[in-house]
Structure formats: structure tokens, C-alpha cells
Participant: 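Before I ask anything, let me first share the structure, which is written out below as C-alpha cells.
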Amino acid sequence: MKENEDFKIDSLGNWKRTDTCGGLTIDDAGSNVILMGWVNARRDFGNLIFIDLRDRDGITQVVFDPQEDRESLEKARVLRNEWVVAVKGIVSPRLKGQENNNIPTGHIELKAVELKILNRSETPPFQLDGSVDVSETLRLKYRYLELRRPQIYNTFLKRHLIASCIRDYLNKKGFIEVETPVLTKSTPEGARDYLVSSRVNKGFFYALPQSPQLFKQLLMIAGFDRYYQIVRCFRDEDLRADRQPEFTQVDLEMSFTDEEGVIKIFEDMMVEIFHDILRFDIHIPFERLEYREAIDRFGTDRPDMRFGMEIKDITDIAERTDFKVFKGVIEEGGVVRAIRVKQGAPSFSRKALDELSEICIKHGAKGMAWIKIKEKGWQSSLSKFFKDEDKKSVNEKLDAEPNDLILIVAHKRKTACEALGYLRLDIAKRMKLINDNVYAFLWITRFPLFEYNETEKRLESVHHPFTSPLEEDISLLDSHPEKVRSRSYDLVLNGSEIGGGSVRIHNISTQQKIFNILGISPEESDLKFGFLLEALKYGAPPHGGMAIGFDRLVTIMTGANSIREVIAFPKTTSASCLLTDAPSLVDEKQLKELGLVIETTTGLEQKRDN
């Protein structure tokens, strides 16, 4: 019971909330309290009215009884869901047998002695209590209402706790948080920049940062040694479930370090976050795969390690057969790769196998061959082209047993592996092979430094042009730059890339050589990166860093279906905000101040008319 038995009233006679709706227990019985919140539910029994009063901390049952206060009972008759009220009352034990063990306040109720209606509400467009069976479009339009739902609030509470845990950990490790500019210079970092027109300097533009990459390198040159920031970033790119035009990342950089130093910091941080937030113990060190091995074994650079089904190379066996399709692909420099689906033969009908073949075609392959392993041998159109000893070799290579299913793709190495990688994920979902209670971390290392852009007919950076080449491959920069590996690393969790980083180039000669290989002329590099090149002249230390996609991490840790669920006010896949109707048109005066003229299109005219 509370020591102060008086209701709290300020100097102007206004009520002051004494407790939250989730904080009262049987120990508070007899206390005079004032609760404020939203009406979550109302039950009228004529001579008694009950409401469930809700705030962010929980729910308290309030009873309006004429024996306590008849005026409050009559006022309570008009209450409806989502009205905002204040209630003075006495905390009382619930009657025996009427307790609710499902909520912390389930053993008490508040006997109202006075009711104040603070605000009324229209009928919400969807139910806020329990499950919500409405479209995402409607939920995003009324996002502020969806955020009232306790389960949604708890997601954001967990997001807050994760961020706090990260800050505490990095502070203990000697990092300092430094904010970097939001209005900056447009530099090519992979995605399109969002541009902001300058009123003061007409015809000139700022860019919203895709990342703080260059600024955090400048902080290392400045001698800050260890920097971090939980920072907003912006990329104008096509969206999907795990992308947003504006997102949050945990960004850090370290001086006088190498790959191992950065990886150690992040592994220890993940251990601490998962233990403190989920009470889940993660074991380190995490498994590591080089990029090429990841592609060969799993068909992707972000493999889900919660199940097996690895890709195997059967090119040498296929080359010995009489199957012309396989032999033709091999003669053209391609490969024949396969996966085994354990106990998959009875699980996949001909229709289902045709669906799997369509997946392969969608991802660049020309089709898919299949083999069902029976007690008496193969069931497959390939059977007549393979000698018995070759069938045995295939079975042994894939550890195939009766009732297993073998799926085969023949194509160029990258396409064959990628197609089987998508098959692997699809089959795992169909056969429910993924354990949602497992967190499987994996480092992918030593990515190629460059990749060839078929459209532009030139090399481009796999990560960004400030990534350092692997020291043992530096000699290949002049002769075979496409073979050079980088000192880069991505962190994968349950098949999702949640972060990446690299050791950076810290001397100007290497940086200029990389620009040259990328086709960036000295004039262009000076125009776009001159401030960084100038800084590299003044004793830049060896440094490296990494960024974690904070929204993606929170999505996985909360079990959400997409990052839109863990961002308070997200955009749709068309980069629109249904709540505010952004992006929107601006008036001619604003455009004139910026020196801009809009070339109208049908879409703009329609939006203006609406």
C-alpha cells in the first residue's frame, strides 16, 4: 500500500497521474490512485460498468459502482473504445475466482470514485485490441493508431533496448559517438543519392548520405581512433521487404586495426545484445566462409545456415555421360551442380517439380533435371544416359539414399549456383526445415574487389572504392584486377545480410590506382573525392570499420516479417508515406526560390489535381 493516501492535485487543481495502467499489484490494495489512458474495452452490466483502461505499460480493470460514486457510473455509460479518460479510485483486490493471471494487474481492480473524460474518439478504422485483419495500406495510413497496440509498442520498446545495449557496449570499448553531416556532397557509393536543392547557391545540390563512409574515415585521419554512430542513411533504390529509402545503421570505425579487430568487436557485441535482450547465449567465434566457397556451397553470399542441403559439383561425372545437354554446357565452360533433398522424393509431385524448375528459369537457368532415388535405382529421365557406375558416383557425391530427391542445374558456374541457392531456400520453406528458434551467424570474407558491369562495360566496386585489396593480391591490380580479392567482410544472420565492412585504403597512391581501374579520371576523382584525397596526404592511420543494418537486426530479434514493422513511420514499396502523403508537390514560390522548374508529367498533373 502506498504511503501517500491522498490523490495528487497540482496547484491549479488539475489531476496528476500517480501510476501507470500496468504497474499496480495486490501490494497497492487500499491506495488512492489516479490513472489516465485509453478505454480498451467496456462492459455494461446495468448496475455495474467495467472498463479496461490502457496505456503503454499495460491494462487495469476499472469498476464503476453506484455504491462508490453514482455520478461516475452514469458518466461511464457513454464511454467508448479509444476515448481518453482519467479515473480517481481505490485499488482493491478482485473477488476470488475473478482474477486474471494473464496480465500483471490481474489480481486487482480500481474502484472508481471520480471520472474525467479528457477526449473523445471516433470509431477507429480497425480494431486495436487482439489480431488485426486489415490491409497494410490501411494500417500505414493510420499508423499512429496501430502504434497504440501493445504488441507493436513492445516491438519499439525492444528496439530502444537494443540501441541502448549497443551504445553501452561501444562506450565501454572506448568508442565515442560523433554525429556526421546529413547535408553533404553527392558521391558515387553504389545507389542513387537523394538530392536536396540549395536556395543560397542556386543550381547546386546537397546529397543525403548513403552512409557516413567518408566522414568516418576523416575522423580516423583526425585521430579519433574509435568512432560510432547510430545514424540515419538514405538511398534512392528500388524497395522490397528488407529495404527502405531511409534506414538506420550502427556505424563504426577503428584505427590501427585489421579484419580480426573489427570482427572481434562485432562478435562480442552480438553476444552481449542477444544475452541482455533475448536471454539467448550465442557462441563465438562465428563460422566463416570466403565468398567463392559460399557461392559454390550455397549459391549465395548470404546463406541461411540453419539447415544443410549444400550444393555439390558433379561436372566430372556428368562429362562422362551420354547426356548431350550436360556435355554441351561443359564444353562451353559451364558446370553441372546438384543438391540432395533428404526424404524429398515422396514430398514432390510432378507439378511441384515443375514449379521448382520455374524457379530455376526465373533466376537465369534453362531448366532443372531431377532424380528420385528408389530402392531399386533411379526414377528419372536421366537414367538411360548414366551408366551404373556413374549413378553410383552421383549417389556417393551427394550422400543420396532411398526416398531422397536430387535436383540438377547445368549452366555457367554463377547462374547454376544461384539457381540452386534459390531452390534450396524454397524447398526449406516447403518442407519446414528452418528452426525459428536458432540464430545462425556467419561471416563472408574476401569478396572480389571488383565486378564487371555488363551494361556499362567496365569494372565497378563490389562494396565501395575505399575498400583495401587483399595484400597477397595487390600484384594483380595491374594485370588481372578482376581476380583481386578485398579485405572485406559481411555478417549474415539467418540468411539475411545484416552488416558489412572492410579494412580501408589509407594511402593516396593505392586509392588513386583503384580510381583509375574504376575508370574515374584524376579530374573526376578530385571533383568528387578531392577532400578525402587531400586528407590522405596528412598521415592517415591504417583503419577499418563496419556498419550493421539496425532495422534488419531488430526485425530478426523481434520476429517481425519485414523492417516496415520495426520502423515507426515507414514508407511503402513505392517510397511513399501513406500517413503524410509524402512525397508531395510544392508550390511555385518554393520552386522559384530554389531556381527549379518542374517538367510536368501526367502523374504529377494527376497528383496536383487530387
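Predicted model only: the values in this text are computed from it and were never measured. Each residue takes its place number in the sequence, starting with 1.
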Participant: Do W443 and L289 have side chains that approach each other closer than 4.5 Å (heavy atoms only, starting at C-beta)?
Facilitator: no
Participant: Tell me whether the rings of F441 and F286 are parallel (<30°), tilted (30 to 60°) or perpendicular (>60°).
Facilitator: parallel
Participant: Salt bridge (charged side-chain N to carboxylate O under 4.0 Å, His left out) with D551: which of R159, R564, R243?
Facilitator: R159
Participant: Can you confirm whether more than 12 heavy atoms, excluding those of D238, are under 6.0 Å from its CG atom?
Facilitator: no
Participant: Output, in order, the C-alpha distance, side-chain angles, deciding distance and verdict of salt bridge (charged side-chain N to carboxylate O under 4.0 Å, His left out) for E456 and R458.
Facilitator: CA-CA 6 Å; E456 298 184 12; R458 66 176 182 86; 2.8 Å; yes
Participant: With a 4.0 Å cut-off, would you call D354 and R350 a salt bridge?
Facilitator: yes
Participant: State whether a side-chain donor-acceptor pair under 3.5 Å links E259 with T445.
Facilitator: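 The answer is no; no qualifying pair exists.
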Participant: Going by the side-chain hydrogen bond (donor to acceptor under 3.5 Å, both in side chains) test, name the single residue among E253, Q511, Q217 that passes it with R504.
Facilitator: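 With R504 as partner, E253, Q511, Q217 yield a single side-chain hydrogen bond (donor to acceptor under 3.5 Å, both in side chains), made by E253.
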Participant: Would you say I567 and V554 make side-chain contact, with heavy atoms under 4.5 Å?
Facilitator: no
Participant: Using side-chain heavy atoms (C-beta onward) and a distance below 4.5 Å, is D268 in contact with Y169?
Facilitator: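 Result yes, sub-4.5 Å side-chain heavy-atom pair found.
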Participant: Decide yes or no for R337 and H411: does some side-chain heavy atom of the first lie under 4.5 Å from some side-chain heavy atom of the second?
Facilitator: no
Participant: If only atom types and distance count, is the side chain of S576 paired as donor or acceptor with the main-chain N or O of T572 below 3.5 Å?
Facilitator: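 No, the answer is negative, given that no donor and acceptor are paired below the 3.5 Å cut-off.
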Participant: Would you kindly check if the NZ (Lys) or CZ (Arg) of R288 is within the cone defined by 45 degrees around the ring axis of Y489 and under 6.0 Å from the six-membered ring centre?
Facilitator: no
Participant: Can you tell if the side chain of E482 reaches within under 4.5 Å of the side chain of Y452, non-hydrogen atoms only?
Facilitator: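 No, side chains not in contact.
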Participant: Give a yes-or-no answer on whether the side chains of S186 and D193 include a donor-acceptor pair shorter than 3.5 Å.
Facilitator: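 Judged by distance alone, the side chains do pair up.
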Participant: Can you say whether the rings of H464 and F466 are parallel (under 30°), tilted (30 to 60°) or perpendicular (over 60°)?
Facilitator: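 Aromatic pair H464/F466 classed tilted.
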Participant: Please find out if less than 6.0 Å separates the ring center of W370 from that of F348.
Facilitator: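 When the ring centroids of W370 and F348 are compared, they turn out to be at least 6.0 Å apart.
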Participant: F529 vs F515 aromatic rings, parallel, tilted or perpendicular, using cut-offs 30° and 60°?
Facilitator: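 Ring orientation, 0 to 90° scale: parallel.
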Participant: Got L353 and K372 here, is their nearest side-chain heavy-atom distance under 4.5 Å?
Facilitator: yes
